[in-house]
Every structure is written in C-alpha cells, then in structure tokens.
Novice: 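One structure, pasted below without further comment.
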2 protein chains.
Amino acid sequence: MKPKRVTIKDLAKELKVSPSTISRALQDSYQIGEETKKAIWELAKKWNYKPNLVAKRLIKQKSFTVGVIVPEVSYYFNATLIKGLEDILLKEGFNLIICQTHESYEREILHCEFLMASQVDGIISSISGETQQMSHFYNILEAGMPMVLFDRGFNVPNVSKVMIDNVEAGRVAVAHLIDTGCKRIAYLQGPESLPIGNARKKGYQKALAEAGVSFDRKLVSHCKFGSDMGFSNAKKMLEMPEPPDAFFCINDRIGMGTMAAIREKGLRIPEDISVIGFNDEPYAKLLNPKLTTIEQPAFQMGQEAAKMFFYQLKTDEPEILTKILPTKLIIRESTKGIVN
Amino acid sequence: MKPKRVTIKDLAKELKVSPSTISRALQDSYQIGEETKKAIWELAKKWNYKPNLVAKRLIKQKSFTVGVIVPEVSYYFNATLIKGLEDILLKEGFNLIICQTHESYEREILHCEFLMASQVDGIISSISGETQQMSHFYNILEAGMPMVLFDRGFNVPNVSKVMIDNVEAGRVAVAHLIDTGCKRIAYLQGPESLPIGNARKKGYQKALAEAGVSFDRKLVSHCKFGSDMGFSNAKKMLEMPEPPDAFFCINDRIGMGTMAAIREKGLRIPEDISVIGFNDEPYAKLLNPKLTTIEQPAFQMGQEAAKMFFYQLKTDEPEILTKILPTKLIIRESTKGIVN
DNA sequence: CTGAAAGCGCTTACAG
DNA sequence: CTGAAAGCGCTTACAG
C-alpha cells in the first residue's frame, strides 16, 4: 500500500530532458521553449504529478503556512477569529495549521515547538488558561519568526498583539447593571489564572467605585470553562445569605449556565436577577430571555492579527505593534430598563 | 530579522566531528561513545539546536502528522470528535493539522491537495455541505495514503468510515414524538444536499409510516447551518394554515432557534409544540425548557477513526472497514410525557 | 566508535 | 533554450 509517487526525476527520464528543465517548465519559466513546456505539462497531468511541498519548503526556507494556537477551537470567539485570519491569509496563498491547547500549558509549548520545527512562516497565538510563563513565545521571537498574540495575550510585553480593552469592557458591562438599578453584582470570572478575567475584574471594581458601591470579594467566583458553564457557581451564589441581584459573566456560555441556575431557583430574569454576558455568541439573541452582552469584534481581530503577521514577514526591523479594537454593549432582555 | 538557525553542520564544525556523528548522537545511537554524545548534547542545548522537521520528513518520507478536514471546527460535534482523534493520535506521537471547509467543496479539494502535497501520513475527513463528487477522496486512496471518513462521509462507497445509523436515529427521534402524542411533526433538515439529513429523513418517514401517519412534504424544510439557527424556518412553519405540533431538528443549534421562534409566537414548549434536537450539545440541558435530543458518541467516533487510521497505516493490504456507533435518545423537557 | 558518500525531491545560479 | 552541479538539512547504509 504505497504506490511510489511520481517525481520530477520520473518525468525527466520519460521525456529525456533534465530535471532542471522539468522544474522550470512546471514553473512556466520564460526560459523554456513552448513545445517542451507543453510536452512536460501533458505528461505531468497524465501521470498526475504533484510537487512535493516538503522538498519545496526545505529548499525555499518558506512554507506559506502559519500556525495558529488557540485554547479551544470550539469557543465561538476563537472560531470566529480564525475565520478573520483565514479571510486575509488564504487570499495571500497562505495556509493555516490550527492547534488547540485545551488550556494546557504543556501542550502550548509542544505546539510552539512543533510549529517552529515545521518551519511555519509565523505563529499567531492566544494563551492557555494554565500559562504563567511566556518563554516559549519569546523563543519564537528570538528565532526571528513573526509572531502575534491576541485576546488572552493582551498583557504579554514586547510582543505584537491585537486585543480589546478588557478593563473598559468590564466597566461598561457593570456600569450598565448599576444603571439599571442593580446593587449586588456578582462576577463569574472563569479560571482565576486568566489575566483577561482579572482585567475585566478591574473594570468591574472601577464601575462599582464610580457608583460608590463597595466591593465584596464574596461576589467574585471562579470556575473552569467546562460544560457546566458556571451553572453550579451561580447556584452557590444564589444560596448565599445575601445573594446577588445581578451577574456579570465572563462569557455567554457561562451566562447561559447562570440563567439556568436562576431559573432552577424559581427566580425571574431580569425582574429578580439580571444577567450580562460577554462575546455576543450567536445564540445569545435566541435565549429566553435574550441575553444582554458585550460584543467583541472577533472576526476583525483575526484580520488585524493576520495583517500584523504580514507586516512582520515583509519588514526588516518591524516595530512591536499593539492594536486595540472596540467592544460594544448589546442591550437585550436579560437586564432591566435604565433607571433614572 | 532572520537569525540563521543552527544546523547539524554547525555543531559538527564546532566540535570537529562529522555531521553523521552529530545526527547519531542526537538520536542517542548506541554507536556513539558516551563522551562524544555528552559533548554534542551540551553544545546542542547551549546553542539551542532544534532539528528541522521539514528535512526529517523529506528523508523519512513520513511526517507523523495527520490531516483532519471538517466543515466547521466550531460545531460541537466536530470539536468533540477532534478531541477523540487527539486522544489516540497524540499518544502515538502524531500531530494533527486541522482544516475547515466552511462547507465549501472547492476548499475541501484544496485542503486535500495541500495535505497530500505536505506528505501527511493520512487524512481523516468529514464532507462539506456542497460536496457531491468524491474524486478528491479517491485520489488520496489511490496515492496509497490512509484515509477515513466520518459523520457526513457515511455513504461514500469503498472508503473506511465511522458513522452512526442516521436512519435509525431519525426513526427513534420521531417515534418518541409520536409516542408523546404529536401528530403533525415537522422536520428541519438543514442543507438539502447533505446525505446525512436525507438519511434521517428516511427514519422520519419510517416512524411516520409505522404509526400510520401520512407524510406531508410541506412539513420538511431546509436551511443553512448559519447563525439564524433555523429560527426563520421554524417561524414560517408556525404560520402555516396547519402548523406542526412538533419539530424534529437536525441539530441542537437549530433546535434552539426553533424554540426561540415558538416562544416568539407565544406558544408553550412542550404543551403546544414539542421540540427534539440532535447531538446533545452541552447547552441542551441548560435551555429553557431543557432540550430533548439524540446523543451521538462524537468523542468515541474520533477515537475509532484514529484507530482505523492506524490500522491502515500499519497494515499492508488493509480491509475497508465500516464502524457504526450507537446513538441514544435523551428525554428532557422539550417533549411531553409518553401517552399510552 | 567515527566518517565519507549518497540521497530524500526539489530549485537555481552558472555555463553553454 | 537546456543541462550539470551544488545545495536545502537531515539520515543511513557502507567502510574502516
């Protein structure tokens, strides 16, 4: 089970020309006579010749491939960002190799090494939930390979990145809750180790402070991004002596789990408890009630990240760039009307 | 911006030994003296030598990499199946290159060609919504490359595959609806071109026939797997002169859109209208009401597909295998109690 | 225990 | 317009 593949040499032998001629003809080089070309093309087609990209990469020292590392490809944000990446990269003839860490630091390192060893032309990466130490990323940079970080890489110094203003987004979300009359606002932050969650927490605290509401650490809760979706965390909070009257959730999935927990308690949304999510995932507007959330321009972030990659690829001494994209509050039914 | 990478030659020159010795020492060959090895390892470490996988692949004619092609990586089914794939493949030291077609036939072909030209050791693939013609898959087989199809590849002849019994799963879903007293059962099938949807439709018709209910083609509707999630299709059906009293949806996402449409009409689930989905996606149990659905063993399907790949890789004249995995009806709140 | 040579499949200066 | 030669970074029979 391994029919030998046809190579340039095979074609050369058959046509009694040199491999160089075959190679040039296949590239449609002006140096080769029309008739020779035609004969070569015909045979190549007939024999179903396909160039071996591995050999081409070795010689060209380029792969026209970029590695993409995300925690989980099924997260809506990542999937959408990848589409933005593809939108730019495919047009330029680049392929992407998508790798997922499943939030494992170890796998993130392995993927970086694999991609570098595979001689990709660059790496575009988020950061796993476990990652504390960034040397695997700096290795890439030191090897002179283009790299851009996005989303969770927002606070890694000396690396180009595309991000949102997480503090501000958190502030806006919580300010909306306050504006609609909520007083005891819980924050379901997701994994404690994620700087992105801590940045939004800063925004949460800022909004609280601006409204003169004191911060209660019991109202911040951590959970994994698992399939439980914050359901049990929200439930626990609801059973506190002084339960929250609103939840700010780190993403819409967790918002969904929170809504289920609220319903299970027999409470109404938003009359009894308000909920705000993050991301504006496609189902947010189909939930019952429809979920208020913060929209993040994931597709556009992907496009910008791809552009940064090209900038680095094509520039001799590229600057380190930081691009901050805007977020937007989308008010729907899971929060109340604004109180004057 | 391209510090030259250190190669075996560089190490050889520095240590005044031959490249062969370096290569062997790095592989910890018994042929090399301990001291020589030690010196080589040290320098390799000090200089941060990393083997060039591209060169290794060219010479070994193996890549320890398998290509995975899915329509959309964000579909829960695909994401979970990929985890099953990883579960087996990573243990054996294989990496996966994940490619998405976004339901485009053209991209599916491009991915197949890219993966083959990149000399992956095998391809594990679903099928895009547009694909009618399978020659790109047969090319892979003819090239002697291991290949296994899954899910939507269930009806492609002469290829190894892992699948579920879509007809039976459809029959079970619809029979449950009938058992709970539903009479006018709609089927939201998704893209018309997908054989998987047609197979489930056969099951739908079978269940109808078994119960002596006549088939009404007006109750079958097609839609894209877009972000609308079947919302508008369901809405249209609800506005028919004789609206359905139940919906069988090709997946839970579409089930979600359907539920939203039903709510918008002011109807109750399941009292007025029952809904059953497919896949048991993680949020199904968090919806309001909780969604009844058909569970598909996506993770296990991935494991089986990976095992089939290894079987082909390691066997001289591998048989063509078909593995059918069981599905399971998960009864929750979006369908009524069983009527006697 | 170590090295020289050939080669994986391709490309591209250098000649002619 | 075409070819011979060298080389991308590595591995591995073949010698010694």
Side-chain angles (χ1 to χ4, degrees), chain A residues 2-41 43-44 47-65 113-114 116-121 143 145, chain B residues 2-41 43-44 47-65 114 116-121 143:
Chain A
K2 270 258 164 171
K4 212 189 145 308
R5 296 193 52 161
V6 9
T7 70
I8 275 190
K9 267 191 206 163
D10 300 327
L11 299 177
K13 196 176 291 175
E14 175 75 8
L15 292 176
K16 300 196 192 342
V17 295
S18 79
S20 331
T21 301
I22 302 285
S23 171
R24 282 191 271 248
L26 260 15
Q27 297 171 74
D28 199 9
S29 159
Y30 68 96
Q31 300 179 84
I32 304 292
E34 284 308 318
E35 304 207 349
T36 320
K37 271 190 200 170
K38 211 158 281 175
I40 291 174
W41 291 348
L43 186 67
W47 282 11
N48 195 28
Y49 168 77
K50 301 281 179 195
N52 182 330
L53 282 189
V54 175
K56 206 174 247 172
R57 278 177 204 167
L58 184 59
I59 207 155
K60 293 272 197 180
Q61 305 281 61
K62 275 195 233 141
S63 65
F64 286 95
T65 291
E113 286 177 351
F114 169 73
M116 284 180 79
S118 300
Q119 318 289 122
V120 296
D121 294 331
M145 187 176 277
Chain B
K2 270 257 163 170
K4 210 189 146 305
R5 297 194 51 163
V6 8
T7 69
I8 275 189
K9 267 191 204 160
D10 300 326
L11 299 178
K13 196 176 289 174
E14 176 76 7
L15 291 176
K16 301 198 191 341
V17 295
S18 79
S20 330
T21 302
I22 304 283
S23 171
R24 282 191 272 246
L26 260 15
Q27 297 171 74
D28 199 9
S29 158
Y30 68 97
Q31 298 179 86
I32 304 292
E34 284 308 317
E35 305 205 351
T36 319
K37 270 189 201 172
K38 212 160 281 175
I40 291 173
W41 290 348
L43 186 67
W47 283 11
N48 196 26
Y49 168 77
K50 301 281 179 196
N52 182 329
L53 283 189
V54 176
K56 206 173 247 174
R57 277 177 205 167
L58 183 58
I59 207 155
K60 293 272 198 180
Q61 305 280 60
K62 273 194 233 141
S63 65
F64 286 95
T65 291
F114 169 74
M116 284 182 79
S118 299
Q119 317 291 123
V120 296
D121 294 331

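Note on naming: letters A, B, ... go to the chains in the order of the sequence lines (proteins, then strands), and numbering restarts at 1 for each one.
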Novice: Under a 3.5 Å limit for both distances, which nucleotide forms a Watson-Crick or G-U wobble pair with D:dC14, could you say?
Specialist: C:dG3
Novice: Counting any heavy atom closer than 4.0 Å, what does B:V17 reach on the DNA or RNA strands: base, sugar-phosphate only, or nothing?
Specialist: sugar-phosphate
Novice: Strictly by modelled atom types, are B:S118 and B:R57 linked by a side-chain donor-acceptor pair under 3.5 Å?
Specialist: no
Novice: Would you kindly compare B:A55 and B:T36 by the position of their nearest DNA chain C nucleotide and give the one closer to the 5′ end?
Specialist: B:T36
Novice: Mind calculating the distance between CZ (A:R5) and P (C:dC10) to the nearest angstrom?
Specialist: 8 Å
Novice: Just how far, in rounded Å, is C1' of C:dC10 from CZ of B:R57?
Specialist: 16 Å
Novice: Rounded to whole angstrom units, what separation is found between the CD1 atom of A:I40 and the C1' atom of D:dT2?
Specialist: 10 Å
Novice: Between A:W41 and A:A25 (side chain of the first, backbone of the second, donor and acceptor by atom type, cut-off under 3.5 Å), is there such a pair?
Specialist: yes
Novice: May I ask you to check whether B:S18 and B:T21 show a side-chain donor-acceptor distance below 3.5 Å?
Specialist: yes
Novice: Over how many whole Å does the gap from B:Y30 atom OH to C:dT2 atom C1' extend?
Specialist: 13 Å
Novice: So how far is it from B:Y49 OH to B:I8 CD1, rounded to the nearest 0.5 Å?
Specialist: 4.0 Å
Novice: Grab the CG-C1' distance between A:L53 and C:dC8 for me, whole Å please.
Specialist: 15 Å
Novice: According to a strict under-4.0 Å criterion, is A:K9 in side-chain N/O contact with OP1 or OP2 of C:dC8?
Specialist: yes
Novice: Short question: side chain of B:T7, backbone of B:K9 - any donor-acceptor pair under 3.5 Å?
Specialist: yes
Novice: Whole Å only: how far is the NZ atom of B:K38 from the C1' atom of C:dC1?
Specialist: 16 Å
Novice: What is the distance, to the nearest angstrom, from the CG atom on A:L15 to the P atom on D:dT2?
Specialist: 12 Å
Novice: Please tell me which of B:G33 and A:T7 maps to the more 5' nucleotide of DNA chain C, matching each residue to the nucleotide holding its nearest heavy atom.
Specialist: B:G33
Novice: Calculate, to the nearest 0.5 Å, the distance between atoms CD and CG belonging to A:E113 and B:L53 respectively.
Specialist: 10.5 Å
Novice: Between A:K37 and A:E34, is there a side-chain N and carboxylate O pair less than 4.0 Å apart?
Specialist: yes
Novice: Expressed as a whole number of Å, how far does the C1' atom of C:dT12 sit from that of C:dG16?
Specialist: 16 Å
Novice: Check whether any side-chain N or O of B:Q119 sits under 4.0 Å from OP1 or OP2 of C:dG9, and answer yes or no.
Specialist: no
Novice: Provide, to the nearest angstrom, the distance between the NZ atom belonging to A:K37 and the C1' atom belonging to D:dC1.
Specialist: 11 Å
Novice: C:dG9, C:dT2, D:dC10: which one has an atom nearest the side-chain heavy atoms of B:I32?
Specialist: C:dT2
Novice: Under 3.5 Å between N/O atoms: give me all the protein pairs with nucleotides 11-14 of chain D, atom names plus distance.
Specialist:
| from | atom 1 | to | atom 2 | distance (Å) |
| --- | --- | --- | --- | --- |
| D:dT11 | OP2 | B:S23 | OG | 2.6 |
| D:dT12 | OP1 | B:K60 | NZ | 2.8 |
| D:dT12 | O4 | B:S20 | OG | 3.4 |
| D:dA13 | N6 | B:R24 | NH1 | 2.8 |

